Q: 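Quick one: the structure is below, and I'll ask about it shortly.
Being a predicted model, the structure only gives us computed values, none of them experimental. Indexing begins at 1, ligand by ligand and atom by atom, following the structure's order.
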Amino acid sequence: MNGFRIQKRFASGMVKSIEWKDDRVLILDQSKLPLEVDYIECTDHLTVAETIKELRIRGAPAIGIAAAMAVALASQDIQASTFDEFMQKLRPVMDTMVATRPTAVNIRWAMERMERLLLENREEPVGRLKELLVDEAKAILEEDIEVNKAIGLWGAQFIKDGDTVLTHCNAGALATGGYGTATAPILVAREQGKDVRVIADETRPVLQGARLTAWELKMAGVPVTVITDNSAGALMRKGEIDLCIVGTDRTVRNGDVANKIGTYTVAVLAKENGIPFYVAAPTSSIDLSIPSGDLIPIEERPAEEVTHIRGQQITPDGVDVINMAFDVTPARYVTAIITEKGAFRPRDIRKLSVRGINLSDIMIKM
Ligand code: MRU
């Protein structure tokens, strides 16, 4: 891997999964958490692409930001005298980034945003276009944090004092520019003085819940308990979970939601036990071009993620493995989709793009 790593002590405060610094992209290596806090310094887009593929940075919004920064990085080295030549050299970079992970729509969303910016400024000299790309990538990161805070404000209304929230995978600060999506309502509810605790599914096979959600919530002072994925149903039956909040990699027009494998199981269990199931979805994760969740591409990952834990083999040699990274939860299991524009019934999510609609007419309020 190109680029070199720098070791840094982690200062308490808001976790930064990614940062643009001195014409470099700094990425917190999540594959090493919580045991080691290590940053990867990326000086070229291929290093960023590798970090995404290897889940060193992961989570839909975070990989969208990383892809945007990768394009900004790559653009600095492009020699071109016309707009068309510049675009011709930048397009393969965008294609490389989109190909890193197929399920989260945020990478495509970020690439489309970068391309739109260039088209709007096609009369500018190439040097100026390069500056604009850097500014846009930084803006995507900053806006993501604001979006998450808004999700927090809309989502906190569904959390009561004393509630226990179950979450799956990591849709926290590490998965975003900061603050998180599924964690934002929890953080806001606590800022509002509500006593809220979290149960984090460990989330086999990559253990984003046990390693990442537990780590960042502990740092934020939120009481968190880790459970094996198989325990969620039993705890729901015992009345120990009041609501579920998860993130999403892609939410489509009929309100179906792709998220980390196992999310569907949690949603079905929640419905069976009469527990509300919320999805925190920044609009950068919403893809209205796809009519149903059945059409969302589901990433399949290497068998070694299942056959090995931290390099230690746990299955017989040569055993067959299925390792789908995501599943689709049908809209009927989703109580509400919480976006930065408000919380909506899944069937109303398609209306977000309808011009002239008054969103407060279709918003869910407690
Ligand atoms: O494979 P990962 O770790 O990238 O999967 C992440 C998730 O499933 C998250 O819940 C999702 O990306 C939303 S992050 C705000």
Side-chain angles (χ1 to χ4, degrees), residues 15 17-18 27-31 33 51-67 100-110 141 144-145 147-152 155 165-187 200-213 215-217 229 244-251 257-267 277-287 293 296-302 305-306 323-329 334 337-340:
V15 173
S17 58
I18 183 163
I27 290 177
L28 175 57
D29 187 347
Q30 298 186 31
S31 69
L33 288 174
T51 64
I52 293 174
K53 280 191 208 157
E54 293 171 355
L55 307 188
R56 296 178 191 279
I57 183 163
R58 27 68 48 206
I63 59 178
I65 296 163
T100 53
R101 296 197 74 192
T103 303
V105 74
N106 301 63
I107 297 184
R108 195 187 78 198
W109 172 89
L141 186 151
D144 185 63
I145 298 170
V147 160
N148 295 338
K149 288 184 175 165
I151 288 173
V165 183
L166 177 96
T167 191
H168 189 72
C169 193
N170 171 265
L174 287 166
T176 63
Y179 224 68
T181 60
T183 50
I186 296 161
L187 296 175
D201 280 347
E202 65 171 348
T203 318
R204 276 281 286 152
V206 180
L207 304 173
Q208 288 93 334
R211 296 189 302 107
L212 308 177
T213 303
W215 183 73
E216 65 165 78
L217 289 183
D229 298 323
C244 306
I245 312 181
V246 300
T248 176
D249 287 81
R250 193 183 305 222
T251 289
V257 170
N259 192 48
K260 178 53 56 194
I261 192 80
T263 301
Y264 171 49
T265 317
V266 173
F277 181 88
Y278 297 101
V279 175
T283 49
S284 58
S285 308
I286 297 177
D287 180 6
I296 300 174
I298 299 294
E299 176 181 4
E300 294 201 25
R301 296 206 43 93
E305 286 182 354
V306 176
N323 186 17
M324 294 176 294
F326 301 96
D327 62 23
V328 172
T329 298
V334 178
I337 295 176
I338 308 165
T339 75
E340 70 272 25

Q: For Thr100, give me all partners under side-chain contact (heavy atoms from CB on, under 4.5 Å), at least two apart in sequence or on another chain.
A: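 Testing Thr100 for side-chain contact (heavy atoms from CB on, under 4.5 Å), a comparison that skips the adjacent residues, returns Ala49, Ile52, Lys53, Ile107.
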Q: Considering residues at least two apart in sequence or located in another chain, which fulfil the side-chain contact (heavy atoms from CB on, under 4.5 Å) criterion with Val246?
A: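 Listed in chain order: His168, Asn259, Thr263, Phe277, Val279.
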Q: Anything under 3.5 Å between an N or O on ligand 1 and a protein N or O? List each pair with its distance, or write none.
A:
residue, atom, partner, partner atom, Å
ligand 1, 1 (O), Arg101, NH1, 3.4
ligand 1, 1 (O), Arg101, NH2, 2.8
ligand 1, 1 (O), Lys260, NZ, 2.7
ligand 1, 3 (O), Arg58, NE, 2.8
ligand 1, 3 (O), Arg58, NH2, 3.2
ligand 1, 3 (O), Gln208, NE2, 2.8
ligand 1, 4 (O), Gly59, N, 3.0
ligand 1, 4 (O), Arg101, NH1, 2.7
ligand 1, 8 (O), Asp249, OD1, 3.0
ligand 1, 8 (O), Asn259, OD1, 3.1
ligand 1, 8 (O), Lys260, N, 3.2
ligand 1, 10 (O), Asn259, OD1, 2.6
ligand 1, 12 (O), Ala60, N, 2.8
ligand 1, 12 (O), Asp249, OD1, 3.1
ligand 1, 12 (O), Asp249, OD2, 3.0

Q: Closer than 3.5 angstrom, by distance alone: can the side chain of Asp327 be matched with the main-chain N or O of Tyr264 as a donor-acceptor pair?
A: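 Flag set: sc Asp327 to bb Tyr264 pair under 3.5 Å.
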Q: Could you tell me whether Arg301 and Glu299 make a salt bridge, using a distance below 4.0 angstrom between a side-chain N and a carboxylate O?
A: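 A salt bridge links Arg301 with Glu299.
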Q: With rounding to the nearest 0.5 angstrom, report the CG to OG1 distance, Asn170 to Thr176.
A: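 Between atom CG of Asn170 and atom OG1 of Thr176 there are 8.0 Å.
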Q: Please enumerate all residues that pass side-chain contact (heavy atoms from CB on, under 4.5 Å) together with Thr167, with sequence neighbours excluded.
A: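 So Thr167 forms a side-chain contact (heavy atoms from CB on, under 4.5 Å) with Ala182, Val198, Thr213.
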